[in-house]
Undergrad: 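Please read through the structure below; I'll follow up with questions.
If you're wondering where the values come from, they're calculated on a predicted model, not measured in any experiment. Each chain gets a letter, A, B and so on, in the order the sequences are listed, and its residues count up from 1.
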2 protein chains.
Amino acid sequence: MLSVTTARQPLEPILEDLEKAEGLAALQAASEQIRDHYRVDHVVYHWVDSAGDQYGCGTYSDTWRDRYLEQNYLRVDPVILGCFQRFHPVDWKRLDWSSKAARAFQAEAIEHGVGNQGFSVPIRGPNGQFALFTVSHSCDDDTWAGWTDAHRRDLILIAHTFNEKALEFEPDRTPEQSQSLSPREVDAMTFLAMGYSRAQVADTLAISEHTLRVYIESARFKLGAMNTTHAVARAMSRGLIVV
Amino acid sequence: MLSVTTARQPLEPILEDLEKAEGLAALQAASEQIRDHYRVDHVVYHWVDSAGDQYGCGTYSDTWRDRYLEQNYLRVDPVILGCFQRFHPVDWKRLDWSSKAARAFQAEAIEHGVGNQGFSVPIRGPNGQFALFTVSHSCDDDTWAGWTDAHRRDLILIAHTFNEKALEFEPDRTPEQSQSLSPREVDAMTFLAMGYSRAQVADTLAISEHTLRVYIESARFKLGAMNTTHAVARAMSRGLIVV
DNA sequence: CGTACCCTCACCATTTCTGGGGAGTAGAAA
DNA sequence: TTTCTACTCCCCAGAAATGGTGAGGGTACG
């Protein structure tokens with residue numbers, strides 16, 4: 001049971017155990033340990049790949065997890081949708097549950113034992129990488145508010161550490177070093193991303209449009225892109241240009 | 001001076017003072033307080049807008065800050081470029097300083113008292129928002145490694161709190177609810193960002209190219225984009241599509 | 001001192017994109 | 001029930017981007 005007094009429990013051992021974890025099975029065990037330590041119903045880490053692939057790890061029941069994947073709830077789940085637009089950790093109460101799909105989802109989640117309260121920490125990386133660290137529980141609002149106030153900072157740190165570990169075991173998810181662009185190529189990509197036409201970019205850079213085309217083509221080649229839009233998208237997601 | 005023993009200093013008062021800060025001037029004071037508390041040379045918070053606008057706050061000298069802005073070092077600074085590609089907090093030693101521009105930049109930074117060591121925490125938000133919380137210092141590698149090991153977690157929490165505060169005082173930077181795209185528009189933008197031509201996207205979505213064009217045009221309109229490339233770039237930087 | 005990469009400029013033919021129209025369905029919201 | 005939004009389809013002509021090929025001068029590095 002969750003106590004309203006919410007005495008600060010020591011965080012260090014949790015983080016240390018987490019940092020010692022080796023392999024995905026250990027992460028699974030770590031989430032259970034965190035759950036038991038804080039005496040909440042569930043602790044979940046949820047990764048959403050840049051390609052839309054998912055990876056989850058936590059204490060939700062298998063049936064709920066399977067159902068979630070099977071129904072592609074990723075695109076309905078208000079927790080995902082809400083956190084994806086937010087900077088900071090968020091209490092589930094502050095999310096938008098107004099749509100019909102969202103309420104149906106919520107009802108089904110509670111039915112599967114997810115809990116009526118929740119707190120999720122969004123974690124973002126380059127290339128649109130996104131993960132969530134979530135704690136959920138069943139209790140009344142005041143109890144939950146007290147608990148989250150007391151453990152908010154802990155959860156941020158645990159989320160970070162958990163994410164670091166999860167990335168460590170999945171090197172595929174760390175972005176590979178891509179070939180860099182020349183200054184002029186960066187200029188070209190940047191202005192194109194800002195919506196300038198080729199003629200406008202050439203004018204802005206005070207070069208002929210022919211020259212500009214050479215840059216765009218070489219950038220496209222370096223980025224392995226099939227067209228200008230693709231090249232700009234890749235340059236952005238690789239952080240080669242900042243728009 | 002930075003002590004190698006790195007006894008854990010209490011973090012709570014720092015965070016509490018930070019959370020009490022009201023206004024940008026208070027944040028400036030907070031960065032100085034953090035600097036003095038940890039006895040490092042500099043503490044800096046640096047925001048990079050999705051439009052390329054910057055906002056900085058910290059203990060760097062005015063001359064260096066002006067120089068940085070004036071020279072548009074944003075696009076050269078290996079700390080920015082490196083952290084933009086990274087998930088986790090990073091020690092400056094692990095960044096890529098190999099290019100000529102980078103080394104020139106480093107030399108000039110040290111000349112302006114920035115310090116030869118540094119540790120930066122990247123913070124990301126929706127819509128491609130990006131900020132850095134940096135601590136820099138002058139000392140040898142071992143001392144620095146010891147210090148960062150001891151305070152890594154503190155810095156993550158401070159970075160989060162600092163960022164929360166900075167956002168609070170600049171509501172402009174909180175993402176205006178950008179008009180969302182319809183599912184089909186998201187599909188269209190996504191495939192375009194993946195390099196598909198209009199014909200290919202239409203084929204993939206099993207709709208006519210004419211229909212596809214309607215989606216692209218309405219997406220372009222919603223995003224206030226001047227052309228397809230611009231629309232895709234905006235959709236990406238606003239986190240509306242994930243590629 | 002050669003190699004390699006970057007910056008600059010040019011033409012031609014073809015493909016692709018864009019902007020201007022108009023029109024019907026279904027489902028959800030008001 | 002009406003209204004609104006999303007989704008689907010169509011034509012045409014002009015604007016823009018692309019692909020292929022070629023060439024010269026500059027700087028950096030071994």
Undergrad: Check the phosphate of C:dC7 against A:R184, side-chain N and O only, distance under 4.0 Å to OP1 or OP2. Yes or no?
TA: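 Indeed not, no polar side-chain atom of A:R184 lies that close.
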Undergrad: Should A:S182 be listed as having a side-chain N or O under 4.0 Å from OP1 or OP2 of C:dC5?
TA: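 No, outside the criterion.
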Undergrad: What is the separation between atom CD on B:E217 and atom P on C:dC17, rounded to the nearest whole Å?
TA: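 Taking CD of B:E217 and P of C:dC17, I get 13 Å after rounding.
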Undergrad: Under a 3.5 Å threshold, yes or no: a donor from one side chain and an acceptor from the other, between A:W144 and A:N116?
TA: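 Short answer, no.
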Undergrad: How many Å lie between CG on A:L205 and P on C:dT8, as a whole number?
TA: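 Taking atom P of C:dT8 as the reference, CG of A:L205 is at 8 Å.
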Undergrad: Expressed as a whole number of angstroms, how long is the span from B:H210:NE2 to C:dG21:C1'?
TA: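 B:H210 atom NE2 is separated from C:dG21 atom C1' by 14 Å.
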Undergrad: By nearest heavy atom, map B:A206 and A:S197 onto DNA chain D; which one lands nearer the 5' end?
TA: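 In this pair, the answer is B:A206.
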Undergrad: Specify whether A:Y68 and A:H46 have parallel, tilted or perpendicular ring planes, treating 30° as the upper limit for parallel and 60° as the lower limit for perpendicular.
TA: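 If you compare the ring of A:Y68 with that of A:H46, the planes turn out perpendicular.
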Undergrad: Would you say A:S136's side chain and A:V114's backbone share a donor-acceptor pair under 3.5 angstrom?
TA: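 A pair under 3.5 Å: yes.
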Undergrad: Please give me the minimum heavy-atom distance between B:P122 and B:P89, naming the atom from each residue.
TA: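 Residues B:P122 and B:P89, closest heavy atoms: CD-CA, 3.7 Å.
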Undergrad: Can you tell me which nucleotide in C:dC6, C:dC7, C:dC12 comes closest to the side chain of A:Y215?
TA: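 Nearest nucleotide to the side chain: C:dC7.
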Undergrad: Looking at B:T143 and B:C139, would you say the former's side chain and the latter's main chain have a donor-acceptor pair under 3.5 Å?
TA: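 No.
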Undergrad: To the nearest Å, give me how far apart CD1 (B:I216) and P (C:dT18) are.
TA: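 Taking atom P of C:dT18 as the reference, CD1 of B:I216 is at 7 Å.
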Undergrad: Under 4.0 Å between a side-chain N or O of A:K222 and OP1 or OP2 of C:dC6?
TA: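 True: A:K222 side-chain N/O within range (under 4.0 Å) of C:dC6 OP1/OP2.
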Undergrad: Can you tell me the distance, in whole Å, between the CD atom of B:Q200 and the C1' atom of C:dT15?
TA: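 Taking CD of B:Q200 and C1' of C:dT15, I get 13 Å after rounding.
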Undergrad: Can you figure out which of C:dT8, C:dC12, C:dC17 approaches the side chain of B:T228 most closely?
TA: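 Nearest nucleotide to the side chain: C:dC17.
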Undergrad: Is there a donor in the side chain of A:S138 and an acceptor in the side chain of A:Q117, or the other way round, less than 3.5 Å apart?
TA: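 No pair is found: no donor N or O on one side chain lies under 3.5 Å from an acceptor on the other.
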Undergrad: Calculate the interatomic distance between B:D203 atom CG and C:dT16 atom C1'; express it in whole Å.
TA: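 Roughly 16 Å, once rounded to whole Å.
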Undergrad: Roughly, in whole Å, what's the span from CG in A:L192 to P in C:dC17?
TA: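 Checked: the CG to P distance equals 15 Å.
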Undergrad: Given that B:R220 and B:V214 both sit by DNA chain C, which one's nearest nucleotide is further toward the 5' end?
TA: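 Nearest nucleotide further toward 5': that of B:R220.
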Undergrad: What is the separation between atom CD on B:E209 and atom C1' on C:dT18, rounded to the nearest whole Å?
TA: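 Taking CD of B:E209 and C1' of C:dT18, I get 12 Å after rounding.
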Undergrad: Under a criterion of less than 4.0 angstrom to any heavy atom of chain A, what are the 5'-terminal and 3'-terminal contacting nucleotides of DNA chain D?
TA: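 Going 5' to 3' along DNA chain D, contacts run D:dA17 to D:dG20.
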Undergrad: Using only heavy-atom distances, determine whether the side chains of A:T229 and B:T229 contain a donor-acceptor pair under 3.5 Å.
TA: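 Yes, a side-chain donor-acceptor pair sits under 3.5 Å.
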